[in-house]
Amino acid sequence: MLWCISRRCTALRNRMKTPKSIAISDSANFYVSAERVFDPSLIGVPVIVLSNNDGCAIARSNEAKSLGVKMGAPVHHLRDKIKDHGIRVLSSNYTLYGDMSRRVSEVYDDFSPRVEVYSIDECFLDFDGFKHREAHAKSLVANVWQRVGVPVRVGIGPSKHSQNARMSWLRRTQFSTVFAI
Amino acid sequence: MGALAVSAGFPSPAGDDLEDEIDPISWIVRRPGSTFWYRAEGDCLADVGIMDGDLIAFDRSGKKRLGRVMLFVVEGALTAKILNKRGGQYWLDPAN
């Protein structure tokens, strides 16, 4: 009986010593970033990507966000702002975004044995048992940038749930690159 | 569905030796994930065999090397040129 309790304590202590580690990687302003790979004149300027039928803004560059363009803003509300600030407006190209998303996931496959594609621009990567996780994540970011041309940010933590909260925080604060707890 | 005897001829003697179809693209593209295709405009790389309208594959993960045709961003536009170094400075050279 005592032997059983001590075995379970050891197992519990081992789990606490090496907690599960999951990284979430998300691409900043993904549709805009994908477009920028093919048209560098979009870099550093306010850009928005419109939904099907060119209805609303479904992606905004940081410069467009700074001008107050809200996610989902109907384009007819934005006409003056577009004219006054020279905002570049693009129709969506889902074939392109899907292909770029696939390329990004392929890079992730080089950095983790288990990659879960969560959405077109977010993936969970199993970092369990990895040493030097922040350095690994920084290398991942650099690799995606070099090989695909899209900027990504990585959050590292013990669970997927905490990751989503972390990524919401990351997006709102426009924190760059790697964030770990 | 009933059992029906269907004659299918005799097995091909080459059945064990079939290989994939020839795919010349795979000979050019070493890393498909980082390779992007562009169409050349103009003749400024004609001397290295790249003509107007040609399809060029660029590998973003390729090594930067002098004398190589590479894709550059110059004043917001993409341009394909050869990277050279003269007098301690880098130059983007055409080839025509």
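This structure is a prediction, so every number in the text was calculated from the model and none was measured. Every chain is numbered from 1 and lettered A, B, ... according to where its sequence line falls, protein lines coming before strand lines.
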I need the full list of salt bridge (charged side-chain N to carboxylate O under 4.0 Å, His left out) pairs touching residues 64-93 of chain B, with sequence neighbours left out, sorted by first then second residue. B:Arg86-B:Asp93

Bottom line for A:Glu106: the part with an atom under 4.5 Å from chain B's heavy atoms is side chain

Is it the case that more than 12 heavy atoms not belonging to B:Arg31 sit under 6.0 Å from its CZ atom? yes

Say you draw a straight line from CZ of A:Arg147 to OG1 of B:Thr35; how long is it, rounded to the nearest 0.5 Å? 10.5 Å

Name all residues meeting the ring-ring contact (aromatic ring centres under 6.0 Å, His included) criterion together with A:His85; count only those two or more places apart in sequence or in a different chain, and write none if there are none. none

Is the count of non-hydrogen atoms from other residues, nucleotides or ligands lying under 6.0 Å from A:Asp84 atom CG greater than 12? yes

Please check if the number of heavy atoms outside B:Ile22 that lie under 6.0 Å from its CD1 is greater than 12. no

Suppose a student defines contact as a heavy atom less than 4.5 Å from any heavy atom of chain A. Which residues in residues 36-58 of chain B would they list? B:Phe36, B:Tyr38

With a 4.5 angstrom heavy-atom cut-off, which part of A:Val37 approaches chain B: side chain, backbone, both or neither? both

Residue pair B:Gly76 / A:Asp39: nearest heavy atoms and the distance that separates them: O-OD1, 4.3 Å

Do A:Leu90 and A:Ile48 share a hydrophobic cluster (ILVMFWY, side-chain heavy atoms under 4.5 Å, transitive)? no

Verify the neighbour count for atom CZ of A:Arg102: are there more than 12 heavy atoms of other residues, nucleotides or ligands below 6.0 Å? yes

For B:Ser34, enumerate each residue passing the side chain to side chain donor-acceptor pair (under 3.5 Å) test, keeping only those at least two apart in sequence or located in another chain. B:Asp59, B:Ser61

